[in-house]
Each structure stands twice: as C-alpha cells, then as structure tokens.
Amino acid sequence: MKSMEHYYQPEIECASREQIKAWQDERLVKQVRHVYDSVPYYRKMMEEKGITPEDIRSTEDLHKLPFLTKEDLRKAYPYGLLAKPLSDCVRIQSTSGTTGRRVVAFYTQHDVDLWDECCARAIMAAGGTKEDVVHVSYGYGLFTGGPGLNGGSHKVGCLTLPMSSGNTDRQIQFMCDLGSTILCCTPSYAAYLAENIHERGLQDQIKLKAGIFGAEAWTEEMRQDIQEKLGIKAYDIYGLTEISGPGVAFECSEQTGMHINEDHFIAEVINPVTGEVLPEGEKGELVFTSITKEAFPLLRYRTRDICVLTREKCSCGRTHVKMSKPMGRSDDMLIVKGVNVFPSQIETVLLNKGYPANYQIIVDRVKNSDQIEVQVEMTPEMFSDSMGKMDQRENELVNALKAMLGIYAKVRLVAPKTIARSEGKAVRVVDKRKLY
Amino acid sequence: MTVKQISVFVENTAGKLAEFTEVLCKHNINMRALSLADTRDFGILRLIVDDSYTTACVLKEENYVFSITKVLAVAIPDEPGSLNKILGILGKNGINIEYTYAFNHKSQGMAYMIFRVEDNEKAIEVLNKEGIKIIDQDHLHEI
C-alpha cells in the first residue's frame, strides 16, 4: 500500500535547489546584519575575528563567521544573545539541563509561528491531515517537545490531545476512547506504551497509524519493534531548543534520514577538532545557523551531534538536505530519558556532598527505558557503622543528583580503588545502550 | 567500660565476604563476635576482635573502608528471660538501641550482647545500677 505524500508547504519543501540557495543567501545577509546591530555579544565576536556584516554576502561567506558553542550560551545567560526587545518576545523555552548548563531561548510570535510550521511539515510528512487526532505525549512546559508538536498539530488543523508525559493508564485510555491516529513522544516512551498496549491486549482498540519520535537516540531495531507492536510507521524528528525545538529536521516516508528545513536553518558539517567545513557525505559535527529567527538567532551553533548530510534526490519529492540520525556526540554529553546529562554535573554533586571525584556512570536501556547508575567509591569520611546514617547519606546524594539532573539516578556505593583508574583518560561513562 | 567494634564496608557481590575473611585468616586474626547488616548493594560488617589496633592496621593496608565505634558488651546468663531483662532496663530509661547482636561462650554458661546506643555513659550507668556486668576492652580476651 503506497500512501500519497502530504506536504504542509509544498512550494517551499519541494523548491528547487537554486531557490533554496537564494532564500538562504538573502536571509543570511539580513540575519548577520540584524545580530550585529542588536546583540553586543555577536558584534564583539565578529570584531574579534575582524569581520563586519559587509563581509557576509552569501552562504559562501558563512565560514568566515565564528562558531557559537553551548559555553557561549551559558556565558550569555539569560539575555546576552537576545536580539529583540523583551516586549517583542512572547515565549521562552529551556533546555533540560540545570542551573549550570541551562539555556533559555526566546521567541517572538513570528518565531513561534515558524517553529510551529516546521512541526506542521513533520506531521504532514508522517501522513497527517486535518482529519487526524494527534496525541502529544512529549512533556509540556519548558521542554520544547510538547509545545512544538502541539503548535504544529494546530497548524495542520488536527484534533490535538495535549497529553504531556506520564500517566500511562490515561494515555492508553484516551488513545482508545478518542481514537488517536498520530503519536508524538520519545521513542523509549513509545516502546513502553507499545509494551503496555500489548500486555493489556488492546492492539485492536487503538487507531494509531503513525508516530513521530525524537529527543533521544534510537536504533533501527527499536523502530522495527515499535512499528510492529503498534502497527504504525515510525518517523524520526530532530531539533534542539537552542535552534528552536523539534522540527529542525524531520523524516519523510522514505525513512532514510531527516530533511532539514533549509529555508530556516543552514546546516554545515565540520571537523569537530579543526573546525574545518567538510564536504557533503562526510561524517562530522552538525552546525546550524538560524536565518529566520528574530529573538534568539544563533549563527554557526555547534550542536555536538555527529552526523552526515546528503542532498541526494529523495523519493518523497522534498528537496531539502537530509541529515542522518546522529551517530554520536563530539562532547561527553549523554542523553538519558530525553534529558541532557553531563558527567561534570554528576561530578559537581559528588564533590559538594563530600564524595571523591572517582566515579563511574553506567547507562543502560532496560526494557526500552533508559537507566542511569552512578558508582561512587566509599570513603572513611562517608562511611558509618549505622545503616540508618548510610541510608540517609545515600538518599541525600540521590536527591541532590535528581535536583541537578532532573531525572532519577541510582547510586551504587562501591569499595575503594575498585573503579578503574586508567593511564590516560578516565573512563567516566559506560554506555551499554549501543544506540549509535 | 566499652569495647571497640570495627565496622567494615563490604560490597554485596559474590566472594567479597570470603575475600575479607581471607585477609583475617592471613593475619591470624580471630573474631569474638560478628554481625552483618546488608542492603542490595553493600553490607556493613561489624566485628569485635581482641586486638582492634592490629586489625585496623591490617584493614588499612588492604584498602578497606572501616570505622571504629565504642559499643557496650554486656554479660548475661545464657538462659531464657535474661535478654528481656536488659532490654527492659534500657527501654525504661529511654535508651534507644541502634542495633544489637549476640555471641555466647558455652563453657562459662554466659551469653554476651553487643549494644550500639546513642549515649554509652547513660546506658552504662543504668545497667550498673541494676548490677549488670559490662565487659571492657581489656577483659575481652577473658571471654
């Protein structure tokens, strides 16, 4: 059965490469001028590189601009990169990180509209039309997942169920009673729901036909598993709060990569060590420049995601460049249950609580759900003959980790000198998930 | 009037306890009493030895995490009702017991209880008042 391809904005999504290039050239020039004039932080960065807006005349000049990193965003927190007066902004969203790593992104109404349109493209690429019932089980709130797909669903005109995450019983009940046809959530939650629906024998009562899953890494095997269990087609979606949120790129019916919305975002792939721009087809770090964002436009933002770009003709008819699933990270960030976790955050908590900095983080996926365990070496200072005191200290550590990371991490106390001390780089993270 | 208990951190995985007793064996250390409190991941091994100083040196050498705590060793007749009596005295005087364990010595017809309480001084005082025999470190070897 071959379904007809749906587009939200066919004239843009299937535009000629020349047209896309023309949009990018024009918008990039305008954007560089905009940030140079309105953001002192950018102006300073450009001045340090000895460039002015006049030096950027087309996308060919993009490489002249300095890179922007998460560190820059932290330094500029909260208003340092704001390019519009606050009175023109209508929304903020934030990354899942914590105080130290939190990034707050601002949106004007225009920004929200464009973001919603990107998500609308993703929904229609997954076969969505106004006849559909879109079940959004991404978290709502500061996290971009829920609001993004919610907005996109509205644009398409779908009946939108703002379920948010959690409460599986209610999720499944609504799915059955209201006939949800498109499920939007993290792939691990989709797998969990699929498992539950199977256990309860409710396969015949759900009407799902497609799923849009993102915010964490997932494998092809996981896709097959979800597709079989739920009887749907599962589509990948990519995005990051810094650039807008989900919908920066999305999968089409071909399921061989995600089309990047190039009329809004210019993608480059670079060598993460040298910063050199790599030719199409080479594996490297993905870098984005947002050319239509008003309030929080980022130029050459390093995502740290490793992937490959391809402009090969796609059978869906879309002409925008496709990115592969991320194949890894160029930093040590872990994505656990859709939440960004840096080993340094865990280290900070351990040191604050009086534990040694020798630790190991074990990440695993059990029954399609991420689990994180922090192994810490016992010290004479932290040890007590009283189980009550030991329990209390362990709980304090668990709570402090939860406050820092936003998710539960199991603590495992181990004997001294048992965590491998390697010659060179310490093995702080053991990721058993094999996601890439 | 207390004895020194050595508490040792031991991971709760197969063979860890044997590794520990191997160390004691190697250094010819004999235990007077032993108790183990455990969770899923680790255990706290509490032991009473004659020479706690030597044992502590050995454990340090072998990279064990441990602590030394003063606990009460109380001698009671090895017969029904005698523990009940002691607990009654402690309870009546508002002394909370963190944990306790027993060991006995058949030949003398006495049993010995180890008590870990918040306030050793107060516990000693109330037990003495009732004529209960409390053993101190120097007399451990006599047991």
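Each chain gets a letter, A, B and so on, in the order the sequences are listed, and its residues count up from 1.
- The neighbour count for B:K70 NZ, taken as heavy atoms of other residues, nucleotides or ligands under 6.0 Å away, does not exceed 12.
- Taking each heavy atom of B:S67 and A:S384 in turn, the nearest pair found is OG-C, 4.5 Å.
- With a 4.5 angstrom heavy-atom cutoff, A:Q375 does not touch chain B via any of its atoms.
- Between B:F42 and A:V414, the closest side-chain pair of non-hydrogen atoms is not below 4.5 Å.
- In this structure the side chain of A:M390 never reaches within 4.5 angstrom of the side chain of B:T39, judged on heavy atoms.
- In this structure the side chain of B:I44 reaches within 4.5 angstrom of the side chain of A:F383, judged on heavy atoms.
- Options B:T69, B:L45, B:I6, B:T13 differ in how many heavy-atom pairs under 4.5 Å they form with chain A, and the most are formed by B:T69.
- Crowding of A:Y140 atom OH: a count of heavy atoms from other residues, nucleotides or ligands under 6.0 Å exceeding 12.
- For a residue to count as touching a neighbouring chain, one of its non-hydrogen atoms must lie under 4.5 Å from one of that chain's; by this rule B:F9 touches chain A with backbone and side chain alike.
- Counting non-hydrogen atoms of other residues, nucleotides and ligands closer than 6.0 Å to CD of B:E118 gives a total of 12 or fewer.
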Show your reasoning for whether side chain to side chain contact (heavy atoms under 4.5 Å, CB included) applies to B:E98 and A:D385.
-> CA-CA 10 Å; B:E98 177 108 33; A:D385 66 305; 5.8 Å; no
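- Not one N or O on the side chain of A:R412 forms a donor-acceptor pair closer than 3.5 Å with the backbone of B:D41.
- When heavy atoms are compared at a cutoff of 4.5 Å, B:V10 does not approach chain A at all.
- B:E11 and A:L413 get closest at one heavy-atom pair: CG-O, 4.4 Å.
- Counting heavy-atom neighbours within 6.0 Å of B:N28 CG, excluding the residue itself, gives a total of 12 or less.
- More than 12 non-hydrogen atoms from other residues, nucleotides or ligands lie less than 6.0 angstrom from CD of A:E220.
- Across every non-hydrogen atom of A:K410 and B:R40, the tightest pair is CE-NH2, 3.8 Å.
- Contacts with chain A were tallied for B:F66, B:Y99, B:Y64; B:Y99 has the most, counting heavy-atom pairs under 4.5 Å.
- Atom NZ of B:K133 has 12 or fewer heavy atoms from other residues, nucleotides or ligands within 6.0 Å.
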